[in-house]
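Read the structure below first, then the notes.
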Amino acid sequence: MADSPNEKPKELSLPNPVADQRHREDEIEEAPRNDDELEKPAIGSSFVEVNDEKRAGLNRMGTNATNTSVTTAATIHPHSEPKPWYKQPNPLRWGKIEPIPEARRPSPEHNASFFNSLFFSWMGPLMSTGYKRQLELNDLYEVNPDRSVDPLTERMRESYKRRVEKGEKYPLLWALHETFFWEFWIGGMCQLAASVLQVMSPFTLRYLIQFATDAWVANHSGAPPPGIGAGLGLVFGVTAMQILQSLCINHFIYRGMLIGGMARASLISLIYEKSMLISGRAKAGGADAPDVPAAKAAAEKDAKKEKKKNKKKGKKGQADVDGDGAGWGNGRIINLMSVDTYRIDQASGLFHIIWTAPISIIITLVMLLVNLTYSALAGFALLVIGIPVLTRAIKSLFIRRKAINKITDQRVGLTQEILQSVRFVKFFGWESSFLQRLQEFRNREVSAIQVLLALRNAIMAISISLPIFASMLAFITYSLTDHGLAPAKVFSSLALFNGLRMPLNMLPLVIGQVTDAWSSISRIQDFLLAEERDDEAIIKPDAPNAIEVHDASFTWERTPTQENESTVGGSGPKSKPKKGTKAKPKDIEAATPPSGDDSSTLVEEREPFKLQDLNFTIGRNELVAVIGTVGSGKTSLLSALAGDMRKTNGEVILGAHRAFCPQYAWIQNATLRDNILFGKEMDDEWYRDVIKACALQPDLDMLPNNDMTEIGERGITISGGQKQRLNIARAIYFDADIVLMDDPLSAVDAHVGRHIFDNAILGLLKDKARILATHQLWVLNRCDRIIWMDGGRIQAVDTFDNLMRDCEEFRQMLESTAQEEKKEADEAPVVAAEEEAPKKKKKGKSLMQAEERAVASVPWSVYTSYVKASGSFLNAPIVLVLLVIAQGSNIMTSLWLSWWTSDKFGLSLGQYIGVYAGLGAAQALLMFSFMVSLSIFGTTASKNMLGQATFRVLRAPMSFFDTTPLGRITNRFSRDVDVMDNNLTDAMRMYFFSIGGIISTFALIIAYFYYFAIALVPLFILFLLATGYYRSSAREVKRFEAVLRSSVFAKFNEGLSGVASIRAYGLQNRFVVDMRKAIDNMDSAYFLTYSNQRWLSTRLDMIGNALVFTTGILVVTSRFSVNPSIAGLVLSYILAIVQMIQFTVRQLAEVENGMNAVERLLYYGTQLEEEAPSKTIDVRPSWPEKGEIIFDNVEMRYRAGLPLVLQGLNVHIQGGERIGIVGRTGAGKSSIMSTLFRLVEISGGHITIDGIDISTIGLQDLRSRLAIIPQDPTLFRGTVRSNLDPFGEHTDLELWSALRQADLVQDEATITTTTAATPTTSGNALVVADTPAAASGNSNNRINLDSIVEEDGLNFSLGQRQLMALARALVRGSQIIVCDEATSSVDMETDDKIQRTMASAFRGKTLLCIAHRLRTIINYDRICVMDKGRIAEIGTPMQLFEMEGGIFRGMCERSGIRLEDIRLAREVVDNDRLA
């Protein structure tokens, strides 16, 4: 791994993301099949070289996460000088090393000559460069212009449209066929020729063996032998047939794979384009939403399409998919793009086998009948009966696989949940409980996989031995019907039966692939047929006003049926909020609609939000505010103007282009500058003004590379406020004449908000039409007019003064919001907290750790660890012995046949037949036992290694999780484990088999024809050279392909999540062009992997054919001395070998890829740093009794090399004291907790609790004795009980009482509710109504201990989740409670409840509370004000308030807290205590 000897020393001291990125090939080895693949952070983000300044110009739009980082590669890799040829023993390394090209070169395949194309020689220069030095991105050829995605997509779209208009039944299928017609059928013809040749060459063997027999008989009887010419002619014939066959097969596979890749590319492009156009109605799954009087024109257009669609679907006999409410959510679209296109790609590779295999089987049967007369039918009957039975058995495997996938999903889901809240798991010391739950899932999963693999192995063993048994039956029948077994007929038939193995094994596989692909094509076709939306606004650049709206009504779509959404990846928090809820911005975000397929009927029935009868005009340079209560339709109004809602009547006229600044900032994974430019040209002066107006300059100065800093996907590397300001900057820079802003000031601090309002909205944009939806009332009197929304209608449009004067309700609203404002002012610092969090980490070079990587091939130590993990070192020899015996019995069977044909032992017919049948059966059994033992040892190893890795990851310090992207960890626990469970043992089995087969065949040949050894040596050396030569470049090309593919995925995801913004800015085309560039980039590497493989195949086939030729010549020349039976045996085997050789090389690469996964898991299981031990000394069970905490000169930094966060902290907290901790963001408040729980070890000083220095005791002991109510209340999937008490240490009574104290259940049946949302859980219908009235009418609204908790607790509102966190701390019953802004996300009412509970339940315990709302802590015993990692002030609230100019005093004044408030609060507490 990182310290393996062949790691190149890093030449530069900067982190080398490029190098790391190159070796992430195994990250994404094959196209992703599981969803977590899609979440992978784009590689190499957060580090961009300076020279991108130059490149930024080239790539305006792009997500340059991947491409910049790859291009900078060249600057980082130095290349070794070539040695002179006489010092270099390997001739392939002679000659000069090509320099790295400046730019990528066009593909030489485009103008390659016929022979160059035939033998793939145009790959030569690339292969030789790759062998002499590491390939760089610029070495890869560009995509062949004939195969570029642009012309192909255009051709395909044109053909598809034409067919849809004609009303064809399967337009997409035929469009694909038309687009790739020539290439497709050339491949088909190649395959047909190959199939015929494949049958003919074994049949020709018959004559060759007959020739040898005649010579042998003549020699022994003294008759004149046949001339040698005939024999040589046959040898040349067979060899020529083999050469032709190998070229045909190679070109068939190459063409097939290419068509797959090209079809995939054009389909991804079409899907992406469609996803930019699909209407909201289709997306939500209501193609005919009956409640909507659709706009006339749209209706007519749809009617045509619908008719066609219904006609098509009617024939298929399935319900009208689009109306069933499944909809096309982002998750489903991503699935189309990743899974479905991949299936089509896979299927087209070997598609022609579907019709050529049956042809070759029929020809084989005819040949067998010629050879063995009707006896062949006996063998054939077995095959005819066996194949369907096997196919049925394979189907049953699919069902089992589905069941296993469910368990795997649960395990991965749980792993992801644990990792997302790992800080929380550590706070509570719950690692062992979760490890146990994971272990249970894993045990179930592994035992199910072992059963599945055993069944699969049985099927494999039978299908491999079917031809053996078939040939046995045929030969036995043949000999029993009074035929002598003539070697010529027998061995040519044996070769024919062996030749059947390939088509018979491939056919079921290909049929499976094609059926999968067929369903994928129809799904993509349904998507492409879905309704599109036209922009309903009329654009009139010469209109007098910027916007005119006449009698317009708009509607959102109904919410899609939930099931698809929650099961398919990609619709997590990052997808746009669901349509049904989007209209009510503030509250609904608190509770996402219940997820899961049992989402209650409540959601279904809810009418989509509508805007009705809108009439207004907005002048060319007016600033109009849109106000209204929560859920009144402010966001909807802007979305309607941005073209995101469906217009049901009326008209909208826009006088110009628009820029849209949505509530959720959509950030691209690109540099900060690209995010602002958004595809416009760079205009330095304007750019600087925009940055200034949006107050971004100070942020830029903090970022490592100023505005060239790369932003992680979904903006994860910047804070909420920064995202929002970037969003505003983009809208301003775009310089459109209409700017729509949806509450952009909500996520920024008050003073920043004022700055933006003055300098941007009233400054740079003063000549534009601006529409601003807002909750900030201070802006209203500075707007030209106000649109006041209520319940989807416009209440009034007027100036501020008129509304104040004429409208009582308006004044009331202002007053009610003034209170909210005051509350928000208390909360204001919350925002700052988010702003600051990432910055602490960002000071260093790049935040995310580059992944440790495998260089070159996998070291032997990994193999030994793998064997060891399977149980014991003895397992390897056991497997090998079984393999040797199985191969031995295979050779014995055939040898016995040859001895029988020459009657070597003079036994009776019955004895020969008996031994022959016995050997065949033994061979099948031995093979089965070899396979099963291998797969059982493999899965056991995978189980043990995963257990080890999970344990080690959970014991890793927090710094590991801060610097490692989550996707990378889950990727190891899902993708890599999947490879180890399912693919690795298969790859090993096939590899061992083919190696065993080859070696035993060679041994057999050499035993009889020892001259063969002479030919074998040079051929073997050639073979090794060819594979080494191939692998050095193949590995790199594969890595680039993986990197470039993840860039396509990242762009696709990003585009999908930003469709609203892209549409509003009208930039669809630009994004499509960008997407196509990325696809072409991926394909340039993807297609090279195929030509690379074919280059190797043609070379290896030459070696194989040379072996056939040598054997043939040896048989002819030693025709007098070797028994023809043996000659026949050898010839029939050598023909099978040619295909084996290629297969072996491919399998070796597979095994290596699989071992890469092992290596990465092993790294997590053995190399990660660990926290302090969980147990050290024994701690008395009652500790801590008093709860006295002493911080003595504590210093702490988050990681080595970062500045101190706590600098000499001294504080003595008495047992039972209640301390409030306040301070501005980044002052070190939360760091106190981290040190107390030892999430981060302190750099100096001591912390003692009740006289014990906490650094001396085990972490488990420490953390299990403290309780915490964290800032973000984390719930895990399970039940309420498992969330409160995962170890089952408490009685139900204690749990109920905690729920009662936390106010989650009441003594009576009613519940007063948190107003945050209306959750409904599956199972024990907990219906929390918005109004107490409704609640009292409902008797089944209890939260039970067995109530289901969904992932992240999404079926509870935020307020309820915080109450659960409180209940959790109550159950703990510790003497010391730490409370981290526990009430940041609840309304005032719930906050008071929590405070009351904490006052009563935690009486007499030590309470440390970090607070943002000062009101919650003014009644505490002491308040400690932190500043810059030190304690600035500490004392009772009264003392601190009386300090003139003190920090605390200033905070109180800003929050409007007066001296009497503090007195009052204090009295309440004292009264409580007396009571």
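The basis for the numbers below is simple: all heavy atoms, side chains too, and nothing from hydrogens, waters or symmetry mates.
Counting only heavy atoms from C-beta outward, the side chains of Ile353 and Leu350 approach each other to under 4.5 Å. In this structure, the side chains of Arg255 and Gln191 stay at 4.5 Å or more apart for every pair of heavy atoms. Between Asn1092 and Ser1033, the closest side-chain pair of non-hydrogen atoms falls below 4.5 Å. Under the 4.5 Å side-chain criterion, counting only non-hydrogen atoms from C-beta, Leu500 is not in contact with Leu466. Taking the side chain as every heavy atom from C-beta outward, Ile243 and Asp1101 never approach each other to under 4.5 Å. The shortest side-chain heavy-atom distance between Ser935 and Asn457 falls under the 4.5 Å cut-off. In this structure the side chain of Phe993 never reaches within 4.5 angstrom of the side chain of Met1140, judged on heavy atoms. Side-chain atoms of Ile209 and Val490, non-hydrogen and from C-beta on, never get closer than 4.5 Å to each other.
Atom CD in Gln245 sits 12.5 Å away from atom CZ in Phe252 (nearest 0.5 Å). One distance of note links CG of Leu984 with CG of Leu934; it measures 8.5 Å at 0.5 Å rounding.
Counting only residues at least two apart or on different chains, the side chain to side chain donor-acceptor pair (under 3.5 Å) pairs with a member in residues 213-238 are Gln210-Asp214.
For Phe497, the ring pair (Phe, Tyr, Trp, His ring centres under 6.0 Å) criterion is met by no residue, not counting sequence neighbours. Considering only residues two or more places apart in sequence or on other chains, Phe1002 meets the ring pair (Phe, Tyr, Trp, His ring centres under 6.0 Å) condition with Phe1012. Qualifying ring pair (Phe, Tyr, Trp, His ring centres under 6.0 Å) partners for Tyr1030, counting only residues two or more places apart in sequence or in other chains: none. For Thr477, the side chain to side chain contact (heavy atoms under 4.5 Å, CB included) criterion is met by Ser375, Ala378, not counting sequence neighbours. Applying the ring pair (Phe, Tyr, Trp, His ring centres under 6.0 Å) test to Phe1109 and every residue at least two apart in sequence or in another chain returns Phe236.
When all heavy atoms are compared, the tightest approach of Cys190 to His251 is SG-CB, 4.1 Å. Taking both residues in full, the closest heavy atoms of Ala194 and Cys248 are given as CB-CB, 3.8 Å, listed atom of the first, atom of the second, then distance. Nearest heavy-atom pair, Ser471 versus Leu494, reported as atom, atom and distance to 0.1 Å: OG-CD1, 4.1 Å. Here the shortest heavy-atom pairing between Phe475 and Ser493 reads CE2-CB, 3.9 Å. The minimum heavy-atom distance between Gln242 and Ser201, with the atom names listed, is NE2-OG, 3.9 Å.
Of the listed residues (Phe119, Phe120, Tyr1029), just one forms a ring pair (Phe, Tyr, Trp, His ring centres under 6.0 Å) with Trp1095, and that residue is Tyr1029. For the side chain to side chain contact (heavy atoms under 4.5 Å, CB included) test with Val199, the passing option among Ile361, Leu365, Ile363 is Ile363; the others fail.
Taking the six-membered ring where the residue is Trp, Phe905 and Trp899 present perpendicular rings, their angle passing 60° and hence far from 30°. Ring geometry for Trp355 versus His352: interplanar angle over 60°, hence perpendicular rather than tilted (30 to 60°).
Tyr254 has its ring centre no less than 6.0 Å from the ring centre of Tyr1090. The six-membered or imidazole ring of Phe115 lies away from that of Trp122, with a centre-to-centre distance of 6.0 Å or more.
Side-chain contact of Thr239 with Asn1105: a donor-acceptor pair under 3.5 Å is absent, judged by distance alone. In the model, Thr893 has no side-chain atom that pairs as donor or acceptor with a side-chain atom of Tyr916 under 3.5 Å.
By the neighbour-count criterion of 12 heavy atoms within 6.0 Å, atom CZ of Phe1120 is densely surrounded, having more than that number from other residues, nucleotides or ligands.
Put simply, the side chain of Thr373 never gets that close to the backbone of Leu369: no donor and acceptor are under 3.5 Å apart.
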